[in-house]
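Worksheet: one structure, shown below.
Because the structure is a prediction, the values reported are computed rather than measured. Residue numbers begin at 1 in each chain, while the letters A, B, ... track the order of the sequences.
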Number of protein chains: 2
Amino acid sequence: MTERAADSFEDWLRERLPERGLRGKAAAVVELLLSQPRRASFASAGELAQVAGVNVATVTRTAQALGFAGWPALQLELRARYLSSLSAGQVAAEHRGNGSPSSRSLRRDLDSLALLNRRMDERVLLTIAEAVAAARRTVIVADGSYAAVGLALAHNARLAGYPVAAVTAGDAELANTVSTVAAGDVLIAISFWRLYESTVLAANEAGSRGARVFAITDAASPALANAAEEVVLVPAEGEAFFPSLTGGMAVAQALVAQLAAVDPARTGASIEAAEAMWARFGLLHRRPATP
Amino acid sequence: MTERAADSFEDWLRERLPERGLRGKAAAVVELLLSQPRRASFASAGELAQVAGVNVATVTRTAQALGFAGWPALQLELRARYLSSLSAGQVAAEHRGNGSPSSRSLRRDLDSLALLNRRMDERVLLTIAEAVAAARRTVIVADGSYAAVGLALAHNARLAGYPVAAVTAGDAELANTVSTVAAGDVLIAISFWRLYESTVLAANEAGSRGARVFAITDAASPALANAAEEVVLVPAEGEAFFPSLTGGMAVAQALVAQLAAVDPARTGASIEAAEAMWARFGLLHRRPATP
DNA sequence: CGCCTCATGCAATGACCATTGCATTTCCGG
DNA sequence: CCGGAAATGCAATGGTCATTGCATGAGGCG
């Protein structure tokens, strides 16, 4: 979907909300429709319910709260909007495979990354990179399967020469870490699909202690958006049950590239030091000479 | 669909026809798939049958004649191709950003992922997924920044219901783990850019103990290729100093998608158990009502 | 024209779908 | 804290789905 189309789609959907709003589970369904429009276009109410962690009846009732007779009626509208947001291509994609789950997964990740490229406001990435570069230290909060993105970001940011640590090992460590956060620090909260309570608490706590807070997420969760100075939205719609971390990893990669450009001399020196250490410890396998 | 995309789609479909061809009604179904790809992407077999003037059983049997298990399997492939044909032009046509490091990084990751989609031999992913599903247990070796990919793969494979562990914390732990590897196990070595000596040793050792060894890497390293039954090549060229893990993450995602399809009942039960546990521990944030 | 093979329709079957009434849970306001 | 209203889950229900065995029809060949 194009950026303008996405705004229009979201505006349209939010206009249909009842005046008193929606509570917990129904709101989760709406967020899922917004963050996974492709799935919403095809999936059964049962599948949507499973992904959103609600009962199938709630999907039906949410559709009705939005002014439709039921799920099929809502889905028809969602599908039409989703398809019309895709423009007719002028260049054929090269199609591979026979529709296996793995090839579908790769294709979906490609689509998500294309969307990410179109949507990304690089000033936000620049803001975050500069905040990290200027920070006393940076804490990245990421748990469960999101930990991978947090770890990669922290590891490479450290290689780039900055004091960045990822907290991925549970609530106790997170609480201990956040209790030391102060003004001058940066906290980056990474959360896709389902939002951990502890992540929200950490973001709010860090903010109230004067740290700058940023979020990398796949849905416009008000709880996290309220806590964060900037939010990076990343498509994370995956094949089957699992959200895809490919877009998140690409954002982590982009952030580090931007961070490395803030002070090239500092980053260069840090990398040289790391390389010297690798050589001293004999960590790397000697590649045979190219034939 | 564009003319060239239609030719490719049509070529693909006609290649799947049985050698002796199709007669009357089945041929009408195929013509309908070609002439109304959007309907083919969404409609039930019953609706297609009605439009084509055939019995619903003929739709199923035509799908089977084309090499699919049934209508849903064929439709999934048709849908993926139809959507790709709509969005592919966007992948190729739109270029964003003014050359900042972050936008160059995102762009490069998109190109890498497009390359990965074109090159990927999905039979290799299927082989690995089936090996993991049949294994006594699976060990993923990934260190340094590659740890992120290993952790994500292990975490999601466990969610899918399989005994998979990642070793990411250094040589001592790796040695201890490999010393327990035996026939019936699987070892997946993940290594990009620079190849850790310990990774090569672990792969060789596991192989000599009778385990099946697979590698996910960005270069055709003879040392690792010799040790591995199959090698998945992933473009990992990143912006600036750092290799990009985006392609690696996409492959991990694809593997888990394939793994989840090996025994859907097992994976479904595992996910249900995990969800019940999340609910019991009150881990997930309740989203507030949307205003 | 007759025979044989393959294609196709009919109908039974099991699975999944969406909806809704009732009971329970949750949230908000006093 | 309590009560009431709304949200939500459970389960029953009727409908639609896709598949497949059996019977019949169609087409091709001798």
Give, for atom CD of A:E237 and atom OG of A:S112, the distance between the pair rounded to the nearest 0.5 Å. 6.5 Å

Parallel under 30°, tilted from 30 to 60°, perpendicular over 60°: which one fits the rings of A:Y82 and A:F42? perpendicular

Taken to the nearest 0.5 Å, the spacing of B:L259 CG from B:N156 CG works out to 10.0 Å

Check ion pair A:K25-A:E31 (N to O, under 4.0 angstrom): no

Angle between terminal axes - the helix from C:dC1-D:dG30 to C:dG30-D:dC1, 5 pairs each end, rounded to 10°: 30°

How does protein contact run along nucleotides 2-7 of chain D, one letter per nucleotide 5' to 3', with B for base contact, S for sugar-phosphate only, - for none, heavy atoms under 4.0 Å? ----BS

Side chains of A:L113 and A:D109 in contact at under 4.5 Å (non-hydrogen atoms): no

Take nucleotides 16-21 of chain D nucleotide by nucleotide from the 5' end and write B, S or -, depending on whether a protein heavy atom sits under 4.0 Å from the base, only from the sugar-phosphate, or from neither. -SSBBB

Could you state the CG-C1' distance from A:L48 to C:dA18, rounded to the nearest angstrom? 13 Å

With heavy-atom distances below 4.5 Å as the criterion, would you say the side chains of B:V251 and B:L125 are in contact? yes

Taking the side chain as every heavy atom from C-beta outward, state whether B:V256 and B:L153 have any atom pair closer than 4.5 Å. yes

Between A:R38 and A:D111 (salt bridge meaning N to carboxylate O under 4.0 Å), is one present in this structure? yes

Salt bridge check: are B:E77 and A:R104 linked by an N-O gap of less than 4.0 Å? no

Heavy-atom side-chain proximity of B:V232 to B:F214 below 4.5 angstrom: no

